[in-house]
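A, B, ... follow the sequence lines: proteins, then strands. Residue 1 opens every chain. Being a predicted model, the structure only gives us computed values, none of them experimental. Values below: all heavy atoms of this structure, side chains included; hydrogens, waters and symmetry mates excluded.
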Amino acid sequence: MENTPRVFALVDCNNFYVSCERVFNPKLADKPVVVLSNNDGCAVARSNEVKALGVKMGAPWFQMQHLARQHGIIALSSNYTLYADMSQRVMTILRDFSPEVEVYSIDESFLGLQGLSSLWPSYSELGQAIRHRVGQWTGLPVCVGIAPTKTLAKLANHLAKKRPEFGGVCDLASLGEPQLAGYLACLEVGEVWGVGRRIAARLQALGIGSVQVLRATPPQVIREHFGVVMERTVSELRGISCLDLDEVTPPKQQIIASRSFGALVISQEELREAVSRYMQTAAEKLRQQGSLCSAVQVFIHTNPFRTHDRQYSNGVVVPLTQATDDSRRLVAAALWGLARIYRPGYCYKKAGVMLLDLAPASVRQASLFSQVNPRTAQLMRVLDELNAAHGRNTIHLASSGIQQRWAARFDHRTPRYTTRWDELPRVHT
DNA sequence: TCTGGGGTCCTAGGACCC
DNA sequence: TCTGGGGTCCTAGGACCC
């Protein structure tokens, strides 16, 4: 279809959550820092100093207490509001460099670069310009990988991060074949985008350990063992672009809201509060993307790590007679489902809801027996506007309770520096 | 004491139909 | 004694991602 070869860049922020915290608290520079998941449970972001200590992604915080004291690891609760805002700033800058941007996750984007080479001495210098401007305008360090396929751009980004000789930007196409083969021979297959723990182990068993060997394996052989997805990955490693940029994010097919509790929950009443709360969060997201939902799922379970406790886990799908985005109807359906699956006498650790069968609101099917009430849409709009202006959960249904004893704990939260007037950073003179 | 949350895609197998 | 074949749809589960 295209004659000019594609050029992809992957721009990825280094240790994103930790770097965001360091922007606003310079004392954290060069210190071992982790950012923890909800309830301060696991390490979800680690500074280089912490990675060097051998702390793995997702490692439980309570298990590292000894190491933390020994090395003075600083632990911070997640400050998602701050990270989301910083992410937006980075993505805005990236759009200045290329008209083709796919925001892939909160801290990384793919850019289409082909055609832009005439504006720059080389793709590497374009990458350096990106690095420099993001650093100067947001304070966040990023690395850039450049290659003819997305999968290779991911690997290039990995090299840019790990190999100092690249200076944070790696353009694979600028390497000679022997040099490239040398780098790929040093990379394990598990580093490849799409190769997880399971598949890496199976590849190992077939004698395919390095990326270089994987790249040399015929895609048909891979297909026989692993299916079409892995075949595509190997083709991409060989420089054949199979995955294009997704510049417009399609609406989500399902929306999930679930949380572990900050305290154990036994009563149905408290579970009802939590389920109601989660559903209101999910419903807001549903309206944000302009969809309606035809079925909701609700699930609860005990703490699987407490193996000596009696365990219970269950979920149920509740179909709706008419597709809706009305928080009140969605909450009612979820609570109805909860009553079906609730069993007394267990210590519950987590609950959640899922919105299923989503469809655009623009093609709403009018039901024979019920009509859409225009006042409902208006009510939901006012609800969303108030919460957007004054902070999440400013106004909510009474069923989600007031005390919310079960709410997740955040014992080390930093200020929401960029999105709350009362939490702005202060400069003392 | 203390172990995250939110997504996508693919496949296998069962139900059902003609 | 002998008991088809092919297609679709749905769901659960597995694998991956950040």
- CG (A:D30) with more than 12 external heavy atoms under 6.0 Å: no
- Message: Does A:R409 reach a base, just sugar-phosphate, or nothing at all? Heavy atoms under 4.0 Å.
- Response: nothing
- A:R46 atom CZ is separated from B:dG4 atom P, nearest whole Å, by 16 Å
- Residue pair A:R306, A:D309: steps toward the salt bridge (Lys or Arg N to Asp or Glu O under 4.0 Å) verdict: CA-CA 6 Å; A:R306 294 176 62 129; A:D309 282 9; 2.8 Å; yes
- Item | Set of residues satisfying ring-ring contact (aromatic ring centres under 6.0 Å, His included) with respect to A:W193, sequence neighbours excluded | A:Y104, A:F110
- Item | Backbone of A:Y80 reached by a side-chain donor or acceptor of A:S78 within 3.5 Å | no
Using distance only, find each side-chain donor-acceptor pair of residues 136-145 of chain A under 3.5 Å and give its atom names and separation, not counting sequence neighbours.
unit_1	atom_1	unit_2	atom_2	d
A:T138	OG1	A:V134	O	2.7
A:T138	OG1	A:L140	N	3.1

- Please state how far atom CZ in A:F62 lies from atom P in B:dC2, giving the value in whole angstrom units. 8 Å
- Sorted by chain and number, sequence neighbours left out, ring-ring contact (aromatic ring centres under 6.0 Å, His included) with A:Y312 holds for A:Y346
- Query: Roughly, in whole Å, what's the span from CG in A:L355 to P in B:dT8?
  - Reply: 12 Å
- Backbone N/O of A:H412 and side chain of A:S77: donor-acceptor pair under 3.5 Å: yes
- Going by heavy atoms closer than 4.0 Å, what residues in residues 247-263 of chain A are next to DNA chain B? A:K252, A:Q253, A:Q254, A:I255, A:I256, A:A257, A:S258, A:R259, A:S260
Check the interface with nucleotides 14-18 of chain C: list each N/O to N/O pair with the protein under 3.5 Å, or write none.
unit_1	atom_1	unit_2	atom_2	d
C:dA15	OP1	A:R198	NH1	3.4
C:dA15	OP2	A:R198	NH1	2.7
C:dC16	OP1	A:G196	N	3.1
C:dC16	OP1	A:G196	O	3.4
C:dC16	OP1	A:R198	N	3.4
C:dC16	OP1	A:I199	N	2.8
C:dC16	OP2	A:R198	N	3.4
C:dC17	OP1	A:G194	N	2.9
C:dC17	OP1	A:V195	N	3.3
C:dC17	OP1	A:V195	O	3.4
C:dC18	OP1	A:K154	NZ	2.7
C:dC18	O3'	A:S105	OG	2.8
C:dC18	O3'	A:D107	OD1	3.2
C:dC18	O3'	A:E108	OE2	3.3

- Message: When you measure from the side-chain N and O atoms of A:N39 to the phosphate of B:dG4, is any distance below 4.0 Å, counting only OP1 and OP2?
- Response: no
- Item | Check against salt bridge (Lys or Arg N to Asp or Glu O under 4.0 Å), A:R409 and A:D40 | CA-CA 7 Å; A:R409 293 188 323 265; A:D40 299 334; 5.7 Å; no
- Message: Under a 3.5 Å distance rule, please check whether A:N79 uses its side chain to pair with a backbone N or O of A:R413 as donor and acceptor.
- Response: no
- Message: For the C1' atoms, the ones on C:dG4 and on B:dC16, what distance do you get once it is rounded to whole angstrom?
- Response: 16 Å
Between the protein and nucleotides 11-13 of chain B, list the N/O to N/O atom pairs that are separated by less than 3.5 angstrom.
none

- Message: Within the structure provided, determine whether A:L28 and A:N25 are in side-chain contact (heavy-atom separation under 4.5 Å).
- Response: yes
Could you pull out every donor-acceptor pair under 3.5 Å between side chains of residues 149-156 of chain A and any protein atom, sequence neighbours left out?
unit_1	atom_1	unit_2	atom_2	d
A:T149	OG1	A:L152	N	3.1
A:T149	OG1	A:E236	O	3.0
A:K150	NZ	A:E102	OE1	2.7
A:K150	NZ	A:D244	O	2.9
A:T151	OG1	A:E236	OE1	2.6
A:K154	NZ	A:E108	OE1	2.8

- Residue-level proximity of residues 338-351 of chain A to DNA chain B when a heavy atom falls under 4.0 Å: A:K349, A:K350
- Item | Exceeds 12 heavy-atom contacts within 6.0 angstrom, atom CZ of A:R405 | yes
- Task: Would you write the dot-bracket representation of DNA chain C, where each base gets (, ), [, ], | or . depending on whether it forms a Watson-Crick or G-U pair under 3.5 Å and with which partner?
- Result: ....||||||||||||||
- Under 3.5 Å donor-acceptor, A:R46 side chain and A:V55 backbone: yes
- Message: Listing request: all side chain to side chain donor-acceptor pair (under 3.5 Å) pairs with a residue in residues 159-172 of chain A, at least two apart in sequence or in separate chains.
- Response: A:D12-A:K161, A:N157-A:K161, A:E165-A:Y183
All N/O donor-acceptor pairs, side-chain side in residues 256-269 of chain A, below 3.5 Å, sequence neighbours left out:
unit_1	atom_1	unit_2	atom_2	d
A:S267	OG	A:E270	N	3.1

Which side-chain N or O atoms in residues 62-71 of chain A pair as donor and acceptor under 3.5 Å with protein atoms at least two apart or in another chain?
unit_1	atom_1	unit_2	atom_2	d
A:Q65	NE2	A:W61	O	2.9
A:H71	ND1	A:L67	O	3.3

